[in-house]
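Okay, handing you the structure first.
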Amino acid sequence: MKKLDCNFERRRKEFVSQLPEYSIAIIPNKLISIRSNDVEYKYRPDSDFYYLTGFDEPNSICVLVKEKREFTYLLFVEGKEQEKEIWVGEKAGIQGAKSIYKADSAYLITQFDDVLKKIISGMEHIYFPLGKNKELDLKITSLLSESRANVRSGIKTPRAIFDPRDLIHKMRLIKDSYEIDCMKKAADISKNAHVLAMSYAKNGMFEYELEAIIEYKFRKEGAIGPAYPSIVGSGKNCTILHYIKNNKKIQKNDLLLIDAGSEYDYYASDLTRTFPVNKKFNSIQKDIYQIVLEAQTKAIEQIKPGKRFIDSHNKAVGVLVEGLKELRLLKGSIGEIIKKGKYKKFFMHRTGHWLGLDVHDAGPYIDNNGNSIKLVPGMVMTVEPGIYISENLEDVPEKFKGIGIRIEDDVLVTNGGNKVLTYGTPKTIDEIEAFS
Ligand code: GLY
Ligand code: MN
Ligand code: MN
């Protein structure tokens, strides 16, 4: 069982410190999902639950009870039944929940209803994420109605259910040093996997062979696995944003777009490189690649404290539009192309997103005034501009059709500016062409 650092305790304290007196927060872990018949998907805990507990067994709920300033941490877990452990391996159980995971009190998950019923009266606020687990939603709303029936006997009772996610997600937006270490490790593993795939890629292979090489490297280096389904697209498949079939034979003049990131200790990386399978760009591929690369480089320069999240996107769009105009793929003034969104037929997604426990991580993009959020040290985001020229586009010269290029790195905001966590993955035309 893994050794826990002290950050989970600090996070619980910080979260609870923002709750009013007499609050109870109920944070459930994720349910098991069925893959087919009686076979389950490999379990992956809920990110908010994990963020506050470090506990990754299914069938568990975290309850934080705040009276005045002090709070109590309760963990509901599965028991250590020998019968079950024979099938699924060792569990923490009630003892482990207390000794390893630092719960003040721990109970069997089957005791949840009874214990909660007792705690809930006397509380004034419930924090619970409605909509994640229907059965639990019903349970909590019924408990609330039941406890309201006690109001006449003078007992305090919660009036409403508040969403804890706003508070937790704001915290998750700023990574602590432990999280940054995990994310750096995830990024390094992804870099090594991309480099390995680049070294294997050749004419005649199937896309899924490269997928297998990448995911082998993820596991070999200690990652849990991919943080999202790996995208390995060749030729015109590069123009499909989330292409995951990965079942085509790679042809010798193809570009390959690989978007694959490892998950390490539940932290994601998200890395994309596009390169010619023969490591030699033709002149059209080179022109498009250079535009995307410049957009990405300039967008990364926008990432520093004080800048806003949207600044890197705006910069990337400006560079892409200028480049597409030079190639005569877009016509008209830059202002009009941007205002009317005419570039979106070639670049239809945002330049980045938050990254953390989830690949599209939690955290607000807009501040209380409705503006794009200001960057502060500890935030991690992706920068991933692209140009996708679908074969179905009209008014596009044939020579451009079927080209898709995306370049994506993971960027940490630091005091002095930023740090590219995925730095070192071959990216410039020279680096790719020199790669063997
Ligand atoms: N790999 C998903 C994304 O880049 O957002
Ligand atoms: Mn991404
Ligand atoms: Mn990606």
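FYI, side chains are in, hydrogens and waters are out, and symmetry mates aren't considered; it's all heavy atoms of this structure. Both counts, for ligands and for their atoms, begin at 1 and track the order of listing.
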task = Indicate, with yes or no, if the rings of F281 and Y289 have centres closer together than 6.0 Å.
result =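 Ring centroids of F281 and Y289 are less than 6.0 Å from each other.
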
query = Is the cationic atom of R11 (NZ for Lys, CZ for Arg) positioned less than 6.0 Å from the six-membered ring centroid of F8 and within 45 degrees of its normal?
reply =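 Satisfied, under 6.0 Å and within 45°.
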
message = Using the salt bridge (charged side-chain N to carboxylate O under 4.0 Å, His left out) definition, which of the options R165, K30, K132 pairs with D48?
response =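 Per the salt bridge (charged side-chain N to carboxylate O under 4.0 Å, His left out) rule, the option paired with D48 is K132, out of R165, K30, K132.
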
key: the Mn ion (ligand 2) to nearest N/O/S of H360 less than 2.8 Å   =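 No N, O or S atom of H360 is closer than 2.8 Å to the Mn ion (ligand 2), so no.
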
inquiry  = Testing the basics here: between D137 and G131, what is the closest heavy-atom pair and its distance to 0.1 Å?
reply    =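 Minimum heavy-atom separation between D137 and G131: OD2-N, 2.9 Å.
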
task = Quick one: which residue pairs count as a salt bridge (charged side-chain N to carboxylate O under 4.0 Å, His left out) with a foot in residues 307-317, not counting sequence neighbours?
result =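 Qualifying pairs: R308-D367.
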
task = Say whether, by atom type as modelled, one donor and one acceptor occur between the side chain of S190 and the main chain of S262 under 3.5 angstrom.
result =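 Side chain of S190 to backbone of S262, a donor-acceptor pair under 3.5 Å: yes, one is there.
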
message = For the backbone of Q251 and the side chain of D254, can you confirm whether one donor and one acceptor N or O come within less than 3.5 Å of each other?
response =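 Side chain of D254 to backbone of Q251: a pair is present.
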
Worked verdict on K280 versus E433 for salt bridge (Lys or Arg N to Asp or Glu O under 4.0 Å) = CA-CA 6 Å; K280 186 88 195 111; E433 292 197 335; 3.5 Å; yes

Partners passing side chain to side chain contact (heavy atoms under 4.5 Å, CB included) against R219 (at least two apart in sequence or in another chain) =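 Expected list: K42.
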
ask   = Can you name the residues that come within less than 4.0 Å of ligand 1, going by heavy atoms only?
value =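 Close residues (ligand 1, cut-off 4.0 Å): Y228, H242, D259, D270, H353, H360, E384, E408.
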
task = Apply the side chain to side chain donor-acceptor pair (under 3.5 Å) test between Q296 and each candidate in E408, E384, K427, E301; give the one that qualifies.
result =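 Answer to the side chain to side chain donor-acceptor pair (under 3.5 Å) test with Q296 among E408, E384, K427, E301: K427.
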
Sphere of radius 2.8 Å around the Mn ion (ligand 3) - protein N, O or S atoms inside =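 Correct list: D259 OD1, D259 OD2, D270 OD1, E408 OE1.
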
